[in-house]
Amino acid sequence: MESIYNLTYPKMEQWALDHGWKKFRVQQIFKWLYKDRVYDFDAMTNLSKETREALKKDFTFNPLTLVRKQVSKDGTTKFLFKTHDGALLESVMMVFDYGHSVCVSSQVGCNMGCAFCASGLTKKQRNLTTAEMVGQVMAVQQELDKTGQRLSHVVVMGTGEPFDNYDNVIDFVNTVNHDRGLAIGARHITISTCGIVPKILEFSKGHYQYNLAVSLHAPNDELRSKLMPVNKAYPLAELMDALKVYTTENNRRLTFEYILLKGVNDTPKHARELAKLLRGMNAYVNLIPYNAVDEHGFKSVSRAEAMVFYDILKKENISVTIRKEHGNDIDAACGQLRIKEMRKEKECKRTENQTSD
Ligand code: SAH
């Protein structure tokens, strides 16, 4: 059965009309779902019994089950979820001085194959539905509700490539942002892409107020293609052109993510090349400390080494920040908790098979 979290406000209105109901019913339903945050149709006491029965007949609530929660010393909390078909996915809640942010996964596994990333260790099994993304946010908010706190930011930076699951991701952020949904401001919502040019152009036409972040990680095609296979399909010149269209048409500032990988993309020459590439763009660079992934062999740089790179960009008049690390003590890199759990499940199966032999 379908989860009610799959329906954006306009889609729910259509559902209401199809059932011969007045549209305003949806106001009541959305208030129960996203303001009062009940998880049972019978709790929606201002709806008639027939309405509740009709909802129950068509919809369920959160399609995700919580498998495990890991809390770090700094408050960072990792949530491992299972879908109805047994897939595992991860979300991370981080505490900042400006509020609580959740990092949401958009796919089960990922096909982008970035050389340094834990997510790509398993190929994409499928896209997540809108409900499975809304479900991640609702489960985290449900946790925060226990202490009367509220999620203030959402980033689509977990496992998966959001622009490879474009329609569901847009429906998801629209529900999170909607006044009658979770009402999280568009400027507090960020979508991060590895650079799928046609989708960047489509997003640009949508004139959304959501933030766009682009994973760059290299200042030239040769290196970027080695690190990120997507660069072979959409090389830097095409990517930069599309991003210029986006910033001009939307009058929005872009974020470029740049992981510093020791001895790979972190030299002063790379910094100067990056400055040249970004010159004149309405953008800033977010330097990301690398979370080592055992299988890949890349190394992170020290704080002092990151500062050298930072200083060169600053001197070249490029806006730049260094991302603060979170949850270092709890399988920090995206997707690592999920991979660990998958290995464990495999181990269990192997032992089961051995014992049944
Ligand atoms: N596919 C999207 C969103 C998911 S990845 C994208 O590529 O942007 C989110 C960010 O985390 C990307 O910038 C990605 O390159 C980065 N990332 C991946 N693995 C990482 C690791 N081990 N340490 C630090 N950042 C990592």
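Start at 1 and go down the list; that is how both ligands and their atoms are numbered. Just so you know, these numbers use all the heavy atoms, side chains as well, and skip hydrogens, waters and symmetry mates.
Ionic pairing of Lys199 and Glu202 is present here: one or more N-O contacts between side-chain nitrogen and carboxylate oxygen are shorter than 4.0 angstrom. Taking the charged nitrogens against the carboxylate oxygens, Lys56 and Glu53 do have a contact shorter than 4.0 Å, which makes a salt bridge. Comment: Glu305 does not engage Lys299 in a salt bridge, judged by the lack of any side-chain N to carboxylate O separation of less than 4.0 angstrom.
Below 30°, between 30° and 60°, or above 60°: for Phe41 and Phe61 the angle between ring planes is between 30° and 60°, a tilted geometry.
For ligand 1, the atoms lying closer than 4.0 Å to a non-hydrogen atom of Val293 are 22 (N). Which parts of ligand 1 touch Ser215 is read off a 4.0 Å heavy-atom cut-off, strictly below it: atoms 6 (C), 7 (O), 8 (O), 12 (C), 13 (O), 15 (O). Within ligand 1, the atoms closer than 4.0 Å to a non-hydrogen atom of Cys194 are 6 (C), 7 (O), 8 (O), numbered from 1 in the order shown.
Proximity of a side-chain donor or acceptor of Gln141 to a complementary backbone N or O of Gln149 within less than 3.5 Å is detected.
Considering Leu254, Thr248, Asn250 in turn, Asn250 is the only one that fulfils the side-chain contact (heavy atoms from CB on, under 4.5 Å) rule with Arg252.
Close to ligand 1: Gly158, with a non-hydrogen atom less than 4.0 angstrom away. Residue contact annotation: Met112 has no non-hydrogen atom under 4.0 Å from ligand 1. Using a 4.0 Å cutoff on heavy atoms, Gly160 counts as a contact of ligand 1.
Applying the side chain to side chain contact (heavy atoms under 4.5 Å, CB included) criterion to Ser48, with sequence neighbours excluded, gives Glu50, Thr51.
The shortest heavy-atom contact between Gln136 and Ser91 is OE1-OG, 2.8 Å.
With a 4.0 Å heavy-atom cut-off, ligand 1 is reached by the side chain of Ile259 but not by its N, CA, C or O. Only the side chain of Glu257 comes within 4.0 Å of ligand 1, judged by heavy-atom distances. Contacts of His217 with ligand 1, taken as heavy-atom pairs under 4.0 Å, involve the side chain alone. Counting heavy atoms closer than 4.0 Å to ligand 1, residue Thr159 contributes nothing at all.
Proximity annotation for atom 18 (C) of ligand 1: of Cys117, Ala115, Cys114, Cys117 comes nearest, heavy atoms only.
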